[in-house]
Amino acid sequence: DAGVTQSPTHLIKTRGQQVTLRCSPKSGHDTVSWYQQALGQGPQFIFQYYEEEERQRGNFPDRFSGHQFPNYSSELNVNALLLGDSALYLCASSSETTDTQYFGPGTRLTVL
Amino acid sequence: GEDVEQSLFLSVREGDSSVINCTYTDSSSTYLYWYKQEPGAGLQLLTYIFSNMDMKQDQRLTVLLNKKDKHLSLRIADTQTGDSAIYFCAEDAGGGNKLTFGTGTQLKVEL
């Protein structure tokens, strides 16, 4: 079992650009959640996808959007990047029958 | 609203017990979690407790929940250097795996 995987590992972008991050959930999981972890902080919930639809959303602007594919993998898109978007982006997967989320290793995004 | 607080640092000697504390504000929390994060890595689920439980033990880990005071603790017995990491507590207030995390407690284990 590969667990939750994310790509790329690291990414450097400049202000105003757009970025797409990818996540494959743990085998058997159908729900994907995305979190942003700024340096020295705990992760903050961005949104969650289930059955290819956004089911829950945290306090993030519309520049943050996502998608879930029929194979349950997911993408996080961020438009018009700001310096403050620099963070570790974590993907977590779960299923309707489990009480726990498992996290991937994260994508480190640096905005210059 | 949801708010989770933790102390920032804890230093212990190898072989001693570590106790990491957490307070939360949402009384509707269904599950409370402890995650471990090593430098440059993602989050590793350590253990969790359902809100109708007072205690859960899993090998070297003991979780205590005081629901009246909204206080959660993680005790690590016989702490080892490999336990050095940042520990996050998190609550799932509304269910559905939308977690609210604390700021993390950095545990340093000294020889």
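Everything numeric in this text was worked out from a predicted model, so none of it was measured. Each chain gets a letter, A, B and so on, in the order the sequences are listed, and its residues count up from 1.
- With a threshold of 4.5 angstrom between heavy atoms, Q56(A) approaches chain B through side-chain atoms but not through N, CA, C or O.
- Residue contact with chain B, scored on non-hydrogen atoms closer than 4.5 Å, involves the backbone and the side chain of Q101(A) alike.
- A pairwise comparison of heavy atoms in Y33(B) and T100(A) identifies CE2-CG2, 4.0 Å as the closest pair.
- No continuous path of hydrophobic side-chain contacts links V111(A) to L82(A) [ILVMFWY only; heavy atoms under 4.5 Å].
- Between P43(A) and F88(B), the closest side-chain pair of non-hydrogen atoms falls below 4.5 Å.
- Of the two parts of Y35(B), only the side chain, counted from C-beta on, holds a non-hydrogen atom closer than 4.5 Å to a non-hydrogen atom of chain A.
- Atom CG of D69(B) has more than 12 heavy atoms from other residues, nucleotides or ligands within 6.0 Å.
- Other residues, nucleotides and ligands place more than 12 heavy atoms under 6.0 Å from the CG atom of L83(A).
- For a heavy-atom cut-off of 4.5 Å, chain A lies close to no residue in residues 78-87 of chain B.
- Atom-to-atom distance recorded for F45(A):CZ and L99(B):CG is 8.5 Å, nearest 0.5 angstrom.
- Applying a 4.5 Å heavy-atom cutoff, none of the residues of residues 12-21 of chain A approach chain B.
- Along residues 101-109 of chain B, the residues that come nearer than 4.5 angstrom to chain A, judged on non-hydrogen atoms, are F101(B), G102(B), T103(B) in order of number.
- Under the 4.5 Å side-chain heavy-atom criterion for grouping Ile, Leu, Val, Met, Phe, Trp and Tyr, L46(B) is connected to L90(A) within one hydrophobic cluster.
- Heavy atoms from other residues, nucleotides or ligands lying under 6.0 Å from CZ of F60(A) number more than 12.
- Tracing side-chain contacts under 4.5 Å through hydrophobic residues (I, L, V, M, F, W, Y), one never reaches L10(B) starting from V19(B); they form parts of separate clusters.
- L45(B) touches chain A through its side chain: at least one heavy atom from C-beta onward sits under 4.5 Å away, while N, CA, C and O do not.
- Among the residues in residues 29-36 of chain A, those with a non-hydrogen atom closer than 4.5 angstrom to a non-hydrogen atom of chain B are S33(A), Y35(A).
- No path of Ile, Leu, Val, Met, Phe, Trp and Tyr side chains, each step under 4.5 Å between heavy atoms, connects V4(B) with L64(B), placing them in separate hydrophobic clusters.
- Q6(A) does not touch chain B: none of its heavy atoms, backbone or side chain, sits under 4.5 Å away.
- Both I76(B) and Y48(B) sit in one connected hydrophobic cluster of ILVMFWY residues. Membership requires side-chain heavy atoms under 4.5 Å apart, directly or through other members.
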